[in-house]
**Student:** 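Would you mind keeping the following structure in view while I ask a few things?
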Amino acid sequence: MRLRSAPYTLELRHAFGIASNSRTSTPATLVALEHEGVVGYGEAAMPPYLGESQASAAAFHARAADFLATVRDPFQREEILPAIDALAPGNTAAKAAVDLALHDWIGKKLGAPWYRIWGLDPAKAPVTSYTIGIDTEPVVREKTREAAPYKIIKVKLGRDAATDRMMIDAIRAETDKPITVDANQGWRDREAALRMIEWLAGRNVEFIEQPMPKEQPDDTAWLRERSPLPLIADESVQRLPDVAKAVGVFHGINIKLMKCTGLREAERMVTLARALGLKVMLGCMTETSCAISAAAQLSPRVDWADLDGAVLIKNDCFLGATIEDGRITLPDRPGLGLLPGTGMPFSGQG
Ligand code: MG
């Protein structure tokens, strides 16, 4: 199999603020995996705070290309993807790009979308939230109005208590639709975190994502015993072995392709989380419709989805899963369901 990769910088529609930083673009790398005239596409989206870069992805994909050139049967997903994972530690987004491209190739070769290969009902794809980053009151109100087509708003909190309350009050001045909260590890004091969650529980908030730092599982478990709202692990859970550690600490987990190396492991994480009695959310980075459509294939199995990453960027270069009336809508195309769009760096390939 022939692997090509190209850097592709995602331009954000709005500067995006979370508890620890703010940014206007996200570095990404796109890949194309070709064999017997069929091309599968994949993507690595790499927010800088996670430690990967276009340079680290290029280095990893050069090694992956050497290995993939030796692959004779691309359907041997259970041989190929563990070998890719073993090439180097970390590099989870770069690995996800290869995983997505292989899934896209296999689905195209079989002539079936992955939700069908997995036996899922596309009508059960969930609604997705629309994310509002930390910003000033007028901007938050404007973004809330822009979120009109969505049934749920996800809001980033965790910078300080006054900003947290301002953000919620600004949204509530515009709409009473459900809100989910992502504190991105921003609450360090468990008593203060509990007071904030109790305040939020009276304001039609559904759950809290990663309230406290991942280094404070004991405080998070204390909070879980008392919280009136479910707590969902994000930064605390990256890969399959982390899922069991969430039991007793969180009520559920947020799975993201870019931190768990792609669809093969994400599907296992859903199964393990269910067996352990955990709720499951499917999340994303800012990503093109390539990675979003991959996550969408798995979305009929989860409780909540936060798959708005492609609508938050200006230069999406794929057509794929769409959001209709707030709900994830899967195309009837094979593989990840993609069509190349404007600016896609491997143009001219099917
Ligand atoms: Mg999160």
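All ligand and atom numbering here is 1-based and tracks the order in the structure. It should be emphasised that the depicted structure is a prediction, and the values quoted were computed from it without experimental measurement.
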**Student:** By ring pair (Phe, Tyr, Trp, His ring centres under 6.0 Å), which residues pair with Phe60, not counting sequence neighbours?
**Tutor:**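 Here no residue qualifies.
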**Student:** Sort by chain and number the protein N/O/S atoms that are closer than 2.8 Å to the Mg ion (ligand 1), and list them.
**Tutor:**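 Only Asp182 OD2, Glu209 OE2, Asp234 OD2 fall inside 2.8 Å of the Mg ion (ligand 1).
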**Student:** Quick one: list whatever passes ring pair (Phe, Tyr, Trp, His ring centres under 6.0 Å) with His61, sequence neighbours left out.
**Tutor:**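 So His61 forms no ring pair (Phe, Tyr, Trp, His ring centres under 6.0 Å) with any residue.
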**Student:** Could you check whether Thr286 and Thr26, counting side-chain N and O atoms only, form a donor-acceptor pair closer than 3.5 Å?
**Tutor:**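 Present: a donor and an acceptor within the cut-off.
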**Student:** Would you check if Pro211 and Leu223 make a side-chain contact, meaning some heavy-atom pair closer than 4.5 Å?
**Tutor:**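 Of all side-chain heavy-atom pairs linking Leu223 with Pro211, at least one is under 4.5 Å.
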**Student:** Which pairs, with at least one residue in residues 38-63 and sequence neighbours excluded, count as a salt bridge (Lys or Arg N to Asp or Glu O under 4.0 Å)?
**Tutor:**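 The answer is none; no pair qualifies.
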**Student:** Between Glu206 and Lys151, does any side-chain N to carboxylate O distance fall below 4.0 Å?
**Tutor:**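 No, no charged N to carboxylate O under 4.0 Å.
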